[in-house]
Amino acid sequence: MMKKAMITIAAAALTMSLTVPVFASANIKIKANPTDEFRHPGETALFIAEADSYDKLEWIFVDPNGNGYTIEQMKEMFPNLKLNGTDDTNFFIGNLPEELNQWKVFCRFTKGEETEETDAAAIHVREYVPQAVETSAAKKEENNEQTVNYTEDEDMYAEPPIDDAYDWYDEDGNRNRCIYQGGVVTTEYYNGDSRIEYPDGLMVYESADGTVRQYEEDGSFQVFDTEGGWYAYDAATDTESWGNYYDN
C-alpha cells in the first residue's frame with residue numbers, strides 16, 4: 001500500500017512539473033523602440049518596434065496634450081493619412097500633414113492579459129527653412145554646366161547635380177541636413193544616422209554604428225548588421241530568411 005501511494009505521489013509530481021510551464025506566462029521583452037522622425041509635409045515616416053513573445057500589437061498616437069488615439073480614430077480625424085503596417089512592427093505613416101507636428105506614436109504588445117509598451121517617438125512635420133548652404137542658385141548652375149562638360153566616359157560615373165539642400169534644426173538645436181539630388185532624397189541626422197529615399201519607394205537607413213536597414217513599399221525589408229549577419233522578410237510571400245555575409 002505504501003509503495004502504491006509513493007507511485008501515485010511521484011506521478012502527481014511529474015504531472016505538475018510538466019504542466020506548470022504550460023500555464024506560466026512568458027514576459028514580453030521590448031527589443032527595439034521607435035525613434036523620432038523629422039519629415040516634410042506630405043512625406044512618409046517609418047517607425048520600427050520589436051519585441052519577444054507576444055500575440056498581437058497595436059500602434060497608438062498621442063497628441064501634444066497627452067491624449068491617446070487608436071488607428072481607427074486617426075483615420076476618422078485625418079482621412080488623407082496613409083497608414084500601412086498598422087498590425088506590423090514596421091509602421092508607415094504617409095502623406096503627413098503639418099497638424100501632426102509634435103505628435104507621438106508608440107507600440108503596445110500584448111500576450112494574454114500582459115501588455116508592454118515601447119517608448120513614444122515624436123513626429124516632427126514642418127517645412128525646412130533654407131539656411132546658408134552651399135547649394136545656391138549659382139552653385140546649381142555651376143553643377144549643371146559641369147555635368148554638360150563631362151566626357152561620355154566620365155558622365156557614366158558622374159553624380160547628378162544637387163537640386164536643393166537645407167540645413168534644419170530640431171527642438172534641441174541639433175543640426176540636420178536634407179539633400180535633393182537626381183530624384184533621391186538624403187537626410188543626414190546630427191547623430192550620424194542617415195536615410196536615403198529613392199523614387200521607386202525604397203528607403204535605406206544607415207545607423208551610426210554601421211547597421212543598414214532597407215525597406216520597400218510593399219513592407220519587405222532587409223537588415224545587415226555589423227557582425228556580418230543579415231535578415232530579410234519578403235512581404236509578397238510572407239517568408240523570412242537570414243544568414244551571414246563576409247567582406248572579401
Side-chain angles (χ1 to χ4, degrees), residues 30-51 54 56-64 68-110 117-128 168 170 176 178-180 183-189 193-207 211-224 230-240:
I30 302 297
K31 296 176 60 180
N33 290 287
T35 55
D36 296 354
E37 281 277 66
F38 301 83
R39 311 308 306 154
H40 268 144
E43 290 185 342
T44 299
L46 170 59
F47 297 95
I48 303 167
E50 296 178 8
Y54 64 91
K56 66 176 184 179
L57 63 83
E58 59 181 327
W59 289 91
I60 307 295
F61 285 79
V62 182
D63 68 20
Y69 300 88
T70 64
I71 294 296
E72 293 304 318
Q73 289 174 321
M74 292 300 294
K75 288 180 179 179
E76 293 180 4
M77 295 169 59
F78 301 94
N80 293 324
L81 272 183
K82 295 180 180 179
L83 303 176
N84 295 316
T86 55
D87 57 354
D88 197 282
T89 53
N90 299 321
F91 181 38
F92 295 83
I93 308 175
N95 197 28
L96 284 165
E98 287 189 80
E99 288 79 7
L100 285 187
N101 185 41
Q102 300 302 320
W103 282 57
K104 295 182 178 181
V105 294
F106 67 88
C107 189
R108 177 182 294 151
F109 293 94
T110 303
E117 299 175 350
T118 65
D119 296 339
I123 308 173
H124 302 278
V125 188
R126 54 176 175 262
E127 294 287 354
Y128 301 148
W168 51 282
D170 59 28
N176 306 273
C178 193
I179 302 170
Y180 296 79
V184 178
V185 183
T186 301
T187 304
E188 300 173 347
Y189 296 100
D193 294 351
S194 67
R195 166 179 175 154
I196 305 176
E197 302 172 63
Y198 295 91
D200 62 0
L202 177 67
M203 288 186 288
V204 179
Y205 286 76
E206 184 169 358
S207 302
T211 301
V212 177
R213 295 172 177 262
Q214 299 181 5
Y215 297 89
E216 300 177 30
E217 281 190 321
D218 67 351
S220 301
F221 65 93
Q222 301 85 39
V223 180
F224 305 89
W230 61 268
Y231 171 85
Y233 172 73
D234 188 332
T237 59
D238 192 26
T239 57
E240 56 185 2

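When all heavy atoms of Ala32 and Thr118 are compared, the closest pair comes out as O-CG2, 4.1 Å. Closest non-hydrogen pair, Ala49 versus Pro34, comes out as CB-CD, 4.3 Å. The two residues Leu81 and Asn95 make their nearest non-hydrogen contact at CD2-O, 4.0 Å. In terms of heavy-atom proximity, Ser207 sits nearest to Asp193 at CA-OD1, 3.3 Å. The nearest pair of heavy atoms linking Lys104 to Ala122 is CG-CA, 3.8 Å.
Taking a cutoff of 4.0 Å between a charged side-chain nitrogen and a carboxylate oxygen, Arg195 and Glu197 qualify as a salt bridge.
Note: Phe109 CZ to Glu50 CD = 8.0 Å, rounded to the nearest 0.5 Å. In this structure, the separation between CZ on Phe221 and CG on Leu202 is 13.5 Å, given to the nearest 0.5 Å.
The salt bridge (charged side-chain N to carboxylate O under 4.0 Å, His left out) analysis of residues 72-89, with sequence neighbours excluded, yields the pairs Glu72-Lys75.
The closest side-chain heavy-atom distance from Met74 to Thr86 is not below 4.5 Å.
Using cut-offs of 30° and 60° for the angle between ring planes, the Tyr215 and Tyr205 rings count as perpendicular. Using cut-offs of 30° and 60° for the angle between ring planes, the Phe61 and Trp103 rings count as perpendicular.
No donor-acceptor pair under 3.5 Å is formed between the side chain of Glu240 and the backbone N or O of Tyr231. Distance alone, capped at 3.5 Å, places no donor-acceptor pair between the Arg39 side chain and the Val125 backbone. Using modelled atom types, one side-chain atom of Asn33 and one backbone atom of Asp119 make a donor-acceptor pair closer than 3.5 Å.
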Checking Leu57 against Arg108 for the side chain to side chain contact (heavy atoms under 4.5 Å, CB included) test, could you report, in this order, the C-alpha distance in whole Å, the side-chain angles of both residues, the deciding distance, and whether it holds? CA-CA 5 Å; Leu57 63 83; Arg108 177 182 294 151; over 6 Å; no
